Amino acid sequence: MPNYGVIDLGSNSIRLVIYEAKDNCRETYTNKDFKSLINDKVMAGLSAYVVDGTFTQAGIDRAVSVLKGHAKRSRYFDCKKLEVFATAVLRNASNCNQAVAEIEERTGLPISLLSAQDEAHLGFVGATCDRAVACGTLVDIGGGSTELTRIEDGRDFDNVSLGQGSLSSFARYVRAILPADPEMRAIEHALRDHLDKLPHPEIYRADTLYGIGGSTRAAAKMLQQATGTATRPKTMTRDDIHAILKWCRIDPDAFAHAALKASAERVHTLVPGCIILHALFDAFGAQRLEICKYGVREGYLIERMLL
């Protein structure tokens, strides 16, 4: 089976995944048709290189350096295709076109700039490649944005992007590493303002949320630390998220030590991500969150490279 390389140029990390995939022009693909050979993540923190809406030269240099390293690693796998896609950190920059053009020129790698709707849709494609989802709301909390997708009759609708993610929340509202109580409230209020600006936020109300992305997985890892269970939970409730946030408020030192064990590279974005999740639980009246294994990268592989 041929190999395919996908590089996800995100607000928090730049990740290379090499997939071995069946390449026989199927009408549909599932998780059984591919497997990852390597999953190499660099926490580049590109959101920190956005100043007054502009992606800085230092950010461009950082992206170029990481992409060149990923491209070098990918050559060992003789990929049939190697593609790069970028999301909110470049999409929302005022100098988006110039930044993308310079990164492409210096790396020799074309960049597919995903729109907010594309990102949400591909997240749905990836999230449902190993499960059938009849209805609910898909949530993807990224570093620089949060995507929402309404699922009805097994199809995705009303794909939108909120201009607030876990890393951008940290950068804007948090002075230290863990947010103090007023900072936590500020993050929540900002998220609710984004929701209030949606034309019809009520359409995302659902009993079940489906979560993709690193922030959701980090929350599950933290819950595992809190409960002392042997395996990471695949389902979380509003009360679970509330307990994580309460722990941070009442004993931040113990919380920080546990967070380093759970997800050291996300210790600064863990709480902002949980605050966003908690607000979405309340806004949509959800009872539980199902944590999905696959997401935008797998959706991109399936729909943009295999089909």
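Heavy-atom basis, side chains included; hydrogens, waters and symmetry copies ignored. Here the structure is a predicted model, which means the values were calculated and not measured.
- Between Y76 and N3 there is no side-chain heavy-atom pair separated by less than 4.5 Å.
- Below 30°, between 30° and 60°, or above 60°: for F284 and Y204 the angle between ring planes is between 30° and 60°, a tilted geometry.
- Annotation: the span from L198 atom CG to L162 atom CG amounts to 5.5 Å, rounded to 0.5 Å.
- With Y19 as reference, L301 is the one residue of L301, D33, N39 to meet the side chain to side chain contact (heavy atoms under 4.5 Å, CB included) rule.
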> Between M236 and I244, is a side chain to side chain contact (heavy atoms under 4.5 Å, CB included) present by the stated rule, with each step listed?
Replying inline: CA-CA 11 Å; M236 301 179 72; I244 291 173; 4.1 Å; yes
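- In this view, Q287 and D207 satisfy the side-chain contact (heavy atoms from CB on, under 4.5 Å) rule, not counting sequence neighbours.
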>> Using the rule given for side chain to side chain contact (heavy atoms under 4.5 Å, CB included), can you reason through I276 versus V139, listing the C-alpha separation, both sets of side-chain angles and the distance that settles it, and then say yes or no?
In response: CA-CA 10 Å; I276 292 172; V139 175; 5.9 Å; no
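- Considering T235, T208, T237, D240 as possible partners of R288, the one that fulfils the side chain to side chain donor-acceptor pair (under 3.5 Å) test is T208.
- Applying the side-chain hydrogen bond (donor to acceptor under 3.5 Å, both in side chains) rule to pairs touching residues 78-91 yields D23-K80, E83-Y300, R91-E119, sequence neighbours excluded.
- Here the side chains of E298 and V125 are not in contact, with every heavy-atom distance at 4.5 Å or above.
- A 4.5 Å side-chain heavy-atom check between F77 and E20 finds every atom pair outside the cut-off.
- Linking ILVMFWY side-chain heavy atoms closer than 4.5 Å, directly or via other members, places I14 and I38 in a single hydrophobic cluster.
- Considering only heavy atoms from C-beta on, E102 stays 4.5 Å or farther from V64 through its side chain.
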>> Let's go through I187 and F170 carefully: what are the C-alpha distance in whole Å and the side-chain angles of both, what is the deciding distance for side chain to side chain contact (heavy atoms under 4.5 Å, CB included) to 0.1 Å, and is it a yes or a no?
In response: CA-CA 8 Å; I187 293 171; F170 169 79; over 6 Å; no
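- Atoms OG and CG, from S168 and N92 in turn, are 9.0 Å apart once rounded to the nearest 0.5 Å.
- Residues C129 and I302 have side chains in contact (heavy-atom distance under 4.5 Å, counting atoms from C-beta outward).
- With hydrogens and angles ignored, the 3.5 Å screen pairs no side-chain donor or acceptor of S13 with any backbone N or O of R15.
- For the pair D8 (side chain) and R297 (backbone), a donor-acceptor distance under 3.5 Å is absent.
- Evaluation of the side-chain hydrogen bond (donor to acceptor under 3.5 Å, both in side chains) rule for S161 yields E147 as partners, not counting sequence neighbours.
- Closest approach of R192 and A279 over heavy atoms only: NH2-CA, 4.3 Å.
- A distance of 6.0 Å separates CG in L280 from CG in L195, rounded to the nearest 0.5 Å.
- The salt bridge (Lys or Arg N to Asp or Glu O under 4.0 Å) pairs that include a residue from residues 37-48 are D40-R73, K41-E265, where partners are two or more places apart or lie in different chains.
- Residues meeting the side-chain contact (heavy atoms from CB on, under 4.5 Å) test with C135, sequence neighbours left out: none.
- Atoms NZ and CG, on K246 and D251 in that order, are 12.5 Å from each other to the nearest 0.5 Å.
- Counting heavy atoms from C-beta outward, V174 and S169 have side chains that stay 4.5 Å or more apart.
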> Hey, mind stepping through I103 and L90 against side chain to side chain contact (heavy atoms under 4.5 Å, CB included) and telling me if it holds?
Replying inline: CA-CA 11 Å; I103 295 170; L90 286 178; 4.3 Å; yes
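- For residues 209-237, no pair satisfies salt bridge (Lys or Arg N to Asp or Glu O under 4.0 Å), with sequence neighbours left out.
- If you take CD1 on I141 and CG on L148, they are separated by 9.0 Å, rounding to the nearest 0.5 Å.
- Contact check on R249 versus D181 returns a salt bridge, with a Lys/Arg side-chain nitrogen under 4.0 Å from an Asp/Glu carboxylate oxygen.
- Remark: E202 CD is packed, more than 12 non-hydrogen atoms of other residues, nucleotides or ligands lying under 6.0 Å away.
- The side-chain heavy atoms of L122 and F85, taken from C-beta on, include no pair separated by under 4.5 Å.
- In this structure a side-chain-to-backbone donor-acceptor pair under 3.5 Å is present from R205 to A283.
- Put simply, the side chain of S215 never gets that close to the backbone of G273: no donor and acceptor are under 3.5 Å apart.
- Two residues are said to be in side-chain contact when any heavy atoms from C-beta on lie closer than 4.5 Å; L114 and R304 meet this criterion.
- Here salt bridge (Lys or Arg N to Asp or Glu O under 4.0 Å) pairs that include residues 222-231, with residues two or more places apart or in two chains, number zero.
- In terms of the side-chain contact (heavy atoms from CB on, under 4.5 Å) criterion, residue partners of A190 (sequence neighbours excluded) are, by chain and number, Q164, Y173.
- Listed by chain and number, the residues in a side-chain contact (heavy atoms from CB on, under 4.5 Å) with H278 are R238, I241, H242, L245, D282 (sequence neighbours excluded).
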Output a table of donor-acceptor pairs, distance under 3.5 Å, between side-chain atoms of residues 45-54 and any protein atom two or more places apart or on a different chain; print 'none' if there are none.
from : atom 1 : to  : atom 2 : distance (Å)
T54  : OG1    : S94 : OG     : 3.1

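- Membership of the apolar cluster around V267 extends to I177, L260, as traced through chained side-chain contacts below 4.5 Å between ILVMFWY residues.
- Listed by first and then second residue, the ring-ring contact (aromatic ring centres under 6.0 Å, His included) pairs involving residues 118-157 amount to none (not counting sequence neighbours).
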